[in-house]
2 protein chains.
Amino acid sequence: MRATTIHAARDIRLSDVPDPRIDKPTQAIVKVVAGCVCGSDLWPYRGENDITAGDTIGHEAVGVIEEVGAEVRSFAPGDFVVIPFCHADNTCPHCRFGMHAACDNLGFTASGQAEYTLVHEAEGSLVKTDGMPDPGMIPSLLALSDVMSTGWHAAVSGGVQKGGTAVVVGDGAVGLCGVLAASHMGAERVIAMSRHAPRQEIARTFGATDIVEERGKEGAERIFELTDGVGADAVLECVGTDQAMKTALRVARPGARVGFVGVPHGIELPVRAMFQRNVGLGGGMAPVRAYLPHLLDLVLDGAIDPGPVFDLTLPLDQVDEAYRAMDERRAVKVLLQP
Amino acid sequence: MRATTIHAARDIRLSDVPDPRIDKPTQAIVKVVAGCVCGSDLWPYRGENDITAGDTIGHEAVGVIEEVGAEVRSFAPGDFVVIPFCHADNTCPHCRFGMHAACDNLGFTASGQAEYTLVHEAEGSLVKTDGMPDPGMIPSLLALSDVMSTGWHAAVSGGVQKGGTAVVVGDGAVGLCGVLAASHMGAERVIAMSRHAPRQEIARTFGATDIVEERGKEGAERIFELTDGVGADAVLECVGTDQAMKTALRVARPGARVGFVGVPHGIELPVRAMFQRNVGLGGGMAPVRAYLPHLLDLVLDGAIDPGPVFDLTLPLDQVDEAYRAMDERRAVKVLLQP
């Protein structure tokens, strides 16, 4: 099949690789209808993570079941499914605790930017729609495989409450989905930190009530101005850098929590300040499957529409351009059609 | 009046100092019935915090109102009161959010090991009993001014749930109160990490179902054995050292939180591991007043009895011996009678 592979920093190719094959009865193969590039794919693309040359890349996809293993009973060829980027059996103690990201049988989508992809724990991981969704729904459904679920995890981890004030640090696709999550959860005020006009526009569409363009200390000061000197009831840290985390911790009001979902790069946590201000921190890799049934309902009911985070759609054979567009911030997030 | 003063590391004296005087209408003066030594008093005692020679020390006390300022309407001379170590107006945005430890008018008890002490925000801070309590209740009431409320804050911050498993790191008085809090909140299993027989006994009295004597990696392994490899649903970190925090974060199950109340000394938080395991952290200085009315009811109803953390009672003029006994771990916590 054709699949995206990475060979070195900024060396992304569409290659011919062997088709995925089922070698365990819990697996399924999905023919990809839509995949996309994740902000976290840019870490190896930029040479900031280790790379094994020739590895496939891409972990977000929706598609149609092609084949299932013998133990997969709830899904059959032809079903349209959303694939959580982290696969989970949905039965182990961690899954029963709602923390599918720590499943005893954790697996990952390894070829989301490809024609086919393998799901390790299909029965526990996948959710399906009734029949084929309208093509216009595909972006919103695709967003559930990672970016929307991750934004939701930031909001859950940050403890967003109805009627409260939420600050979202980061205007990437995850941050924008964090705005949508906080807004849907009933935060009365959602402050998005963003200095890019097109992203500000999406943030407003997603429910941001205020935009703060400043960063660092100036950004924090602006947020204290907006909150009568109090700070935010909940903060979503959706970047993963030290500056973003410091800002997030600074603008959280005493007693509030920062929910963090940006893979940490170079972060040093100021434990003494956290203690002195009673500001907590929680988060990590999103337990996508825990949220997926609810989020799927919300998307199908039209209660949330995260689709607009995809502001560019390209055919799979232009995957190299997809990475470039995101790297150069010409696109928020690129949807790929095999 | 006679008050405890600190002059250098291990130089604790009972000195004659000026009586406290009311200089703001929100203040009150309390004649101390009982005070005590806090684990955090040992940091300056051991020379690990800066000292201003001659400063009074001690921040935990109960007593009888001697005099009130013009704006103090709910308390009158003769009332028996519990004094939260941190004073709060109970009306500012932080207090209304339940985070009295960040009150806009925050103050502290500065002479708890003395004959009299000044309360800055008396109206918002104090709670009183109906009449003079039975002398046998004094230790339990005194515990509410800090140690029990701080253990409670660890349990709240760690997210202790009914039916869950809680691990308490630290067998000082705060850790023991954390055991009592977790047990009272309905944790089915409360694992106390302690290697000192007398403290283990108090822990069991307070509701510990298991004791782990090992520390560090061995202690963590033992906890995984006790929890079928899963880890704890909630962890209370009641020490403040790097080793204690590392253990606490390690034994928390994915999706759980560590509640920390030990003033951090030399802690480096492993942000990457926290992210990878979805283990959160929250806590800080306890918002005592937020918990005080409820905890007072629990003590008066006999639902909790934190009094046994005081395993030594001395007259105030033996305060030097009180510090030595705690420093040498001959006593868990020493109650002082002026």
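To find a chain, count down the sequence lines: A is the first, B the second, and so on, and within it residues start at 1.
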Are the side chains of B/Met99 and A/Arg253 in contact, using a 4.5 Å heavy-atom criterion? no
Does CD in B/Gln161 sit with more than 12 non-hydrogen atoms of other residues, nucleotides or ligands closer than 6.0 Å? no
Check the pair B/Glu268, A/Leu269 against side-chain contact (heavy atoms from CB on, under 4.5 Å), reporting the backbone distance first and the verdict last. CA-CA 8 Å; B/Glu268 282 181 31; A/Leu269 293 174; over 6 Å; no
Specify which of B/Cys92, B/Gly231, B/Gly280, B/Pro254 makes the most heavy-atom pairs with chain A at under 4.5 Å. B/Pro254
Need one label for B/Val258: side chain, backbone, both or neither, based on atoms under 4.5 Å from any heavy atom in chain A. neither
Highest number of heavy-atom pairs under 4.5 Å with chain A among B/Val279, B/Val261, B/Asp228 belongs to B/Val261
Among A/Gly229, A/Gly98, A/Gly262, which residue forms the greatest number of heavy-atom pairs with chain B at distances under 4.5 Å? A/Gly262
Can you list everything that forms a side chain to side chain contact (heavy atoms under 4.5 Å, CB included) with B/Arg257? Sequence neighbours excluded, please. A/Arg257
Picking from A/Gly282, A/Ala256, A/Gly255, which has the most non-hydrogen pairs under 4.5 angstrom with chain B? A/Gly255
Side chain B/Asn278, main chain A/Met285, donor-acceptor under 3.5 Å: yes
Within a radius of less than 6.0 Å around CD of A/Glu188, do more than 12 heavy atoms belonging to other residues, nucleotides or ligands occur? no
Against chain A, work out which of B/Ala101, B/Gly259, B/Pro93, B/Ser157 has the most heavy-atom pairs shorter than 4.5 Å and name it. B/Pro93
Shortest non-hydrogen contact from A/Val271 to B/Phe260? CG2-CE1, 3.8 Å
Determine, step by step, whether A/Phe97 and B/Asp233 satisfy the side-chain contact (heavy atoms from CB on, under 4.5 Å) criterion, reporting the C-alpha distance in whole Å, the side-chain angles of both residues, the deciding distance to 0.1 Å, and the verdict. CA-CA 9 Å; A/Phe97 196 66; B/Asp233 302 333; 3.9 Å; yes
Derivation of the side-chain contact (heavy atoms from CB on, under 4.5 Å) call for B/Arg272 and A/Ile267: CA-CA 9 Å; B/Arg272 197 116 190 167; A/Ile267 290 177; over 6 Å; no
